[in-house]
Amino acid sequence: MNTGSDDPGEVAVAADEARADRPETGQEAGHEGERGLGSRAPEFVKARRVLHLSWQVGVFVVGLAVVGAGIVMLPLPGPGWVVIFGGMAIWATEFVWAQLVLRWTKRKVTEAAHRALDPRVRRRNITLTVVGLVIIGVLAGIYLWKFGLVMPWKIKDQ
């Protein structure tokens, strides 16, 4: 858990300083509404190295608990992926690597949404769905024609 400096009493606040001297238009280098990387801890916490380190440990433990709960929810009923990304968002309040992972994920999800809304892709998906439903209908019709309305486990050698 790097606080950004090896000097006692200093912490990584360069991202905050970089944000302070740019205008708050929300648009810089094509990234709309993205904040700078770095810790979002309160200033009084960042000013004290030990307090900031304990703050980071606390954020890590809480994020780990949330991500762990999300992993448990993957095979069990529950919104597993949503909870995992919630834990990543908790980590992103303090750790640059989590901020970068969330930005990458957001970019990929947005690209996938735009691809899914493309009219050609939608036509292809609808066509594949219809073909799949026709195949299932034909198989169900063959089963009903051959065996009637009998459950598969009650079929004797017919």
Side-chain angles (χ1 to χ4, degrees), residues 1-137 139-140 152:
M1 288 186 233
N2 188 3
T3 58
S5 174
D6 292 330
D7 299 330
E10 279 190 45
V11 293
V13 293
D16 293 331
E17 291 170 3
R19 267 188 289 162
D21 57 343
R22 79 169 191 238
E24 290 296 325
T25 61
Q27 297 178 356
E28 180 177 299
H31 299 291
E32 295 181 12
E34 288 188 7
R35 297 174 57 179
L37 298 175
S39 175
R40 308 250 191 310
E43 291 302 321
F44 75 91
V45 171
K46 289 187 213 177
R48 293 162 183 85
R49 183 177 175 90
V50 174
L51 186 58
H52 192 226
L53 187 60
S54 62
W55 177 276
Q56 286 181 325
V57 168
V59 167
F60 182 79
V61 168
V62 170
L64 185 64
V66 173
V67 168
I71 290 172
V72 168
M73 286 184 201
L74 287 176
L76 300 175
W81 285 110
V82 173
V83 174
I84 288 172
F85 288 121
M88 290 295 296
I90 291 170
W91 279 338
T93 63
E94 201 56 38
F95 303 108
V96 173
W97 62 266
Q99 293 169 1
L100 295 174
V101 167
L102 283 178
R103 284 184 183 180
W104 178 83
T105 304
K106 181 179 178 183
R107 188 174 57 250
K108 291 297 180 182
V109 167
T110 303
E111 290 171 5
H114 286 299
R115 279 195 313 268
L117 294 176
D118 181 24
R120 291 178 296 164
V121 174
R122 290 188 71 187
R123 271 194 305 274
R124 183 196 66 204
N125 289 346
I126 290 171
T127 303
L128 289 174
T129 301
V130 168
V131 167
L133 289 173
V134 167
I135 290 171
I136 290 172
L139 291 175

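By convention here, the first residue in the shown sequence is residue 1.
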**Request:** Applying side-chain contact (heavy atoms from CB on, under 4.5 Å), run through Gln56 and Leu53 and close with a yes or a no.
**Result:** CA-CA 5 Å; Gln56 286 181 325; Leu53 187 60; 4.0 Å; yes
**Evaluation steps, side-chain contact (heavy atoms from CB on, under 4.5 Å), between Trp91 and Leu102** = CA-CA 10 Å; Trp91 279 338; Leu102 283 178; over 6 Å; no
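Legend: residues meeting side chain to side chain donor-acceptor pair (under 3.5 Å) with Trp55, ordered by chain and number and at least two apart, are Glu94. In this structure, the side-chain contact (heavy atoms from CB on, under 4.5 Å) partners of Val96, at least two apart in sequence or on a different chain, are Leu37, Gln99, Leu100. Not counting sequence neighbours, the partners of Arg120 by the salt bridge (Lys or Arg N to Asp or Glu O under 4.0 Å) test are Asp118.
When all heavy atoms of Pro79 and Met73 are compared, the closest pair comes out as CD-SD, 3.8 Å.
For the atom pair CG (Leu117) and CZ (Arg115), the distance works out to 11.0 Å, reported to the nearest 0.5 Å. Here the straight-line distance linking atom CZ of Arg124 with atom OG1 of Thr129 works out to 10.0 Å at 0.5 Å rounding.
Each of Val61, Ile90, Ile84 was checked for a side chain to side chain contact (heavy atoms under 4.5 Å, CB included) with Val66, and the lone residue meeting it is Ile90.
The number of heavy atoms from other shown groups lying within 6.0 Å of CH2 (Trp97) is above 12.
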